[in-house]
Amino acid sequence: DAGVIQSPRHEVTEMGQEVTLRCKPISGHDYLFWYRQTMMRGLELLIYFNNNVPIDDSGMPEDRFSAKMPNASFSTLKIQPSEPRDSAVYFCASSFRGASSGNTIYFGEGSWLTVV
Amino acid sequence: QKEVEQDPGPLSVPEGAIVSLNCTYSNSAFQYFMWYRQYSRKGPELLMYTYSSGNKEDGRFTAQVDKSSKYISLFIRDSQPSDSATYLCAMSEVQGGKLIFGQGTELSVKP
């Protein structure tokens with residue numbers, strides 16, 4: 001299996017621009033997670049989906065952030081407009097049956113975002 | 001207060017040392033406890049998983065959970081330079097599906 005695939009791997013953008021991060025989960029997985037990692041705050045859960053339906057978006061920092069999962073093999077995380085404080089590594093992860101039964105969550109390599 | 005607290009370190013030890021990594025948590029509904037390892041510029045990968053209280057051993061690694069104290073630990077025996085990474089504790093409830101992480105502890109094992 002190719003694992004969780006994220007794109008782009010690196011992005012540098014100017015403040016105020018729209019940023020779209022993309023994710024392809026592992027085939028057959030029914031849960032998809034978006035995390036953000038910074039030195040100050042560690043790895044924070046932003047939102048997660050079950051069978052393409054958003055279940056908990058309480059971690060989304062503000063209305064500038066939105067996430068969609070139009071089908072089982074694709075998800076996007078969008079930031080509009082972007083701000084320098086959004087600079088972080090954004091990880092997409094997927095699992096079969098979610099973490100509640102102790103199932104493994106598999107992470108992608110991350111999208112390194114810098115907003116200048 | 002964050003649900004899961006973990007000392008971010010960094011922690012530097014000589015090769016062969018015993019390493020102890022710890023997390024505390026506040027949510028008594030957590031039942032599944034994991035340790036993930038993250039190498040530089042990579043995504044986290046599952047290292048060990050424990051359900052409820054008790055110990056679990058896997059080679060040089062031992063995970064301990066004390067639910068009465070809301071405290072979990074990871075011990076690494078005979079540490080190796082290849083163990084140099086960030087170690088993140090993670091926890092989940094029986095219901096809900098999501099996994100909550102600690103901040104991660106950066107470990108460096110010097111030859």
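Each chain gets a letter, A, B and so on, in the order the sequences are listed, and its residues count up from 1.
When ring centroids are compared, B:Tyr36 and A:Tyr35 stay outside the 6.0 Å threshold.
Of the atoms belonging to B:Tyr49, it is side-chain heavy atoms, and not backbone ones, that fall under 4.5 Å from chain A. Using a 4.5 Å cut-off between heavy atoms, B:Gln6 makes no contact with chain A at all. With a threshold of 4.5 angstrom between heavy atoms, B:Leu46 approaches chain A through side-chain atoms but not through N, CA, C or O.
Atom OG1 of residue A:Thr104 and atom CE of residue B:Met34 lie 7.0 Å apart, to the nearest 0.5 angstrom.
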Evaluate B:Lys42 against A:Glu109 for side-chain contact (heavy atoms from CB on, under 4.5 Å), listing each step before the verdict.
CA-CA 5 Å; B:Lys42 297 290 187 180; A:Glu109 298 259 283; 3.4 Å; yes
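Here the side chain of B:Lys98 pairs no donor or acceptor atom with the backbone of A:Ile55 at under 3.5 angstrom. Judged by distance alone, the side chain of B:Gln103 and the main-chain N or O of A:Met39 form a donor-acceptor pair under 3.5 Å.
Residue B:Glu45 places its CD atom among 12 or fewer non-hydrogen atoms of other residues, nucleotides or ligands, all under 6.0 Å distant. Within a 6.0 Å radius of CZ in B:Arg77, other residues, nucleotides and ligands contribute more than 12 heavy atoms. With a 6.0 Å radius and a threshold of 12 heavy atoms from other residues, nucleotides or ligands, A:Glu62 has its CD atom above the threshold. Counting non-hydrogen atoms of neighbouring residues, nucleotides and ligands closer than 6.0 angstrom, the CZ atom of A:Arg41 reaches no more than 12 such neighbours. The environment of B:Lys67 atom NZ is dense: over 12 non-hydrogen atoms of other residues, nucleotides or ligands sit within 6.0 angstrom.
Note: the hydrophobic cluster containing A:Met69 does not contain A:Phe107 (ILVMFWY, side chain heavy atoms under 4.5 Å, direct or indirect links). Follow the hydrophobic side-chain contacts under 4.5 Å out from A:Tyr106 and you never reach B:Met48; the two are in separate clusters. By the criterion of side-chain heavy atoms lying less than 4.5 angstrom apart, applied directly or through intervening Ile, Leu, Val, Met, Phe, Trp or Tyr residues, B:Trp35 is not grouped with B:Ile18; the two fall into different hydrophobic clusters. A:Trp34 and B:Ile100 are members of different hydrophobic clusters when ILVMFWY side chains are connected at heavy-atom separations under 4.5 Å. One hydrophobic cluster holds both B:Phe61 and B:Leu21 under the rule that ILVMFWY side chains link at heavy-atom gaps under 4.5 Å.
Inter-residue side-chain proximity for B:Thr86 and A:Gln37 is flagged as unmet; no heavy-atom pair is nearer than 4.5 Å.
Residues of residues 70-94 of chain A lying under 4.5 angstrom from chain B, judged on non-hydrogen atoms, are A:Phe91 in numerical order. Proximity to chain B at a heavy-atom threshold of 4.5 Å picks out A:Leu45, A:Tyr48 from residues 44-51 of chain A, in numerical order.
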